Amino acid sequence: MTWGMEMLTFNIKDGYLEALVRGHKAGLLSVADYNNLSQCETLDDIKLNLTASDYGPYLANEPSPLHTTTIVEKCTQKLVDDWNKMRCQADETLGRFMDYCTYGHMIDNVVLIVTGTLHERDVQELLDKCHPLGVFDSIATLAVAQNMRELYRLVLVDTPLAPYFSENLTHEDLDEMNIETDRRALNITLNSIGTELSRDDRKKLYSNFGLLYPHGHNELSMAEDFDQIRAAMEKIPVYASIFNKLGFGESQMLDKLLYDEEVRRCVLTYEQQFHYGVFYAYMKLREQEIRNIMWISECVAQDQKARISDGIVFTF
Amino acid sequence: MVQLMSLNSPITLLLPITLTCICFIISVGDPARFIDWDWLWLLFHSISPYFWAAMGVAFAIGLSVLGAAWGIFITGSSLVGAAVRVPRITSKNLISVIFCEAVAIYGVVVAIILQTKIEFVPPLSDGSYSSAAMFSGYSIFGSGLTCGFANLVCGMCVGIVGSSAALSDAQNAALFVKILVVEIFGSALGLFGVIIAIVMTGGVDWGATNG
């Protein structure tokens with residue numbers, strides 16, 4: 001609690017970047033842009049529509065037979081460039097916060113490389129699949145590890161992630177993090193229904209914070225089908241409203257509703273000035289937008305235009 | 001309450017230090033009394049009114065410039081960042097910087113007015129000054145403080161609103177005029193301090209004989 005003192009001191013170090021990230025946020029696609037994109041007949045049309053947006057310069061020099069992967073790759077490149085430019089300008093505190101934001105991708109990359117290596121996949125191919133925001137210098141050396149202990153001892157101690165793998169500890173107290181962890185717990189449960197994962201194993205995979213911790217987690221770990229999950233989740237008011245929108249047995253819509261909720265909360269962070277939440281929110285909104293573009297491109301490429309509106313999560 | 005008294009809050013740090021200083025100053029004369037009035041009288045009686053007058057001028061200009069500079073960097077950093085994407089806002093939002101600058105100008109004006117009020121009077125035979133001279137010194141000190149603090153917080157206020165003005169103008173040009181109205185009211189706060197400062201020095205007369 002600083003009694004509004006952050007209004008006086010925030011801009012000393014972070015004023016420029018906060019204004020910059022708000023500028024980037026103004027470049028996100030609007031509902032009108034999505035409507036135009038939905039009318040496209042081919043991937044080249046999509047490229048043409050994106051020319052006026054922030055993605056224009058990134059797609060401009062792509063040769064004509066476009067693929068969805070190319071579009072998504074270039075759009076991600078835009079996010080990564082923005083992020084790295086801001087990261088270079090950030091001072092220590094904000095820089096650390098921005099690093100925390102990318103740790104999620106970093107962990108995903110580590111898991112990807114490790115599991116890929118254990119299945120004897122080519123390292124270069126795995127590196128291409130890594131999310132560029134989560135790439136760090138020594139990531140290629142992860143492939144030398146043969147088991148988890150070796151991995152930690154040889155490789156991860158030198159990476160920014162070392163403290164997390166050793167102590168399993170996290171400092172974030174953002175509200176957005178709560179929904180994020182709860183969603184992870186939910187996903188773990190959903191995906192593990194019908195697998196041999198035991199209840200105790202399942203419980204070990206949950207994070208030790210979030211709105212569901214600890215009672216919700218106990219119930220989730222016991223859940224055997226979707227309705228039991230719903231019963232566990234509906235005890236939290238935030239999730240009750242989300243589950244209310246779902247009919248019984250419609251588990252596939254849940255992802256989209258959770259994304260909707262996340263986007264709503266990310267947009268809310270822009271209501272208040274002088275805080276770091278906008279940087280995290282920008283990353284999340286941009287990622288959601290890239291998911292939207294990917295969905296539209298896939299629908300156009302596979303001639304499924306009727307389904308376009310099912311998958312878009314509007315940001316503004 | 002735990003939150004209120006957390007270590008990083010400014011009050012928790014400043015309050016004990018201030019209390020200690022005050023207690024030290026008022027009890028340093030005779031240890032038998034908590035407040036040694038005679039010693040305090042001697043203390044303030046012995047300080048030249050020209051010291052107070054000079055401090056008044058220094059606070060008037062110093063705090064005003066501090067407020068103006070603070071406001072300008074709050075506005076300026078946001079303005080520069082927002083202008084990267086939306087260059088059209090730069091010249092319009094210079095008005096926020098000018099509002100902050102006006103705060104410094106108030107300080108300069110008041111400092112000059114206070115300075116012209118200072119006149120030479122010879123001290124009395126025992127080296128002290130007449131009541132009229134003492135009154136003039138304290139008046140100028142008080143009016144300098146009034147103007148200085150009013151302009152300090154006015155500068156901060158205008159700076160924060162100006163920063164929001166730049167950011168919202170970049171998002172939606174229709175918001176600029178609306179926020180400008182808020183900003184004008186903010187910048188009027190400094191003028192109140194200036195008016196009171198000038199009124200406070202109205203009775204200054206170093207050589208008055210009735211005291």
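The shown structure was predicted, so the numbers you read here are calculated from the model rather than taken from an experiment. Throughout, protein chains are lettered first and strands after them, A, B, ... in sequence-line order, and every chain is numbered starting at 1. Values below: every heavy atom of this structure, side chains too, minus hydrogens, waters and symmetry copies.
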If you measure from the Lys or Arg side-chain nitrogens to the Asp or Glu carboxylate oxygens, is any gap between [X] and [Y] under 4.0 Å?
X        : Y        : answer
A/Glu62  : A/Lys74  : yes
A/Asp260 : A/Arg264 : no
A/Asp54  : A/Arg286 : yes

* For A/Phe10, is it the side chain, the backbone, both or neither that has a heavy atom under 4.5 Å from a heavy atom of chain B? ->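 Neither; nothing under 4.5 Å.
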* **Structural part of A/Ile12 lying under 4.5 Å from a heavy atom of chain B** =>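 The answer is both parts of A/Ile12.
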* Asked: Among A/Thr9, A/Asp14, A/Leu20, which has the most heavy-atom pairs under 4.5 Å with chain B?
  ->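 The answer is A/Leu20.
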* Is the closest side-chain donor-acceptor distance between A/Asp81 and A/Gln77 under 3.5 Å? ->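 Yes.
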* To do: Please check if any side-chain donor atom of A/Asp33 sits under 3.5 Å from a side-chain acceptor atom of A/Ser30, or the reverse.
  =>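 There is such a pair (donor and acceptor under 3.5 Å, judged by atom type) between the side chains of A/Asp33 and A/Ser30.
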* To do: Taking the side chain as every heavy atom from C-beta outward, state whether B/Lys117 and B/Ser136 have any atom pair closer than 4.5 Å.
  =>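 Counting from C-beta outward, B/Lys117 and B/Ser136 never come under 4.5 Å.
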* Taking only heavy atoms into account, what residues of residues 62-85 of chain B are found under 4.5 Å from chain A? ->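 Listed by number: B/Trp70, B/Phe73, B/Ile74, B/Ser77, B/Ser78, B/Val80, B/Gly81, B/Ala82, B/Val84, B/Arg85.
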* side-chain hydrogen bond (donor to acceptor under 3.5 Å, both in side chains) between A/Tyr55 and A/Glu289, intermediate numbers included -> CA-CA 11 Å; A/Tyr55 301 117; A/Glu289 183 174 287; 2.5 Å; yes
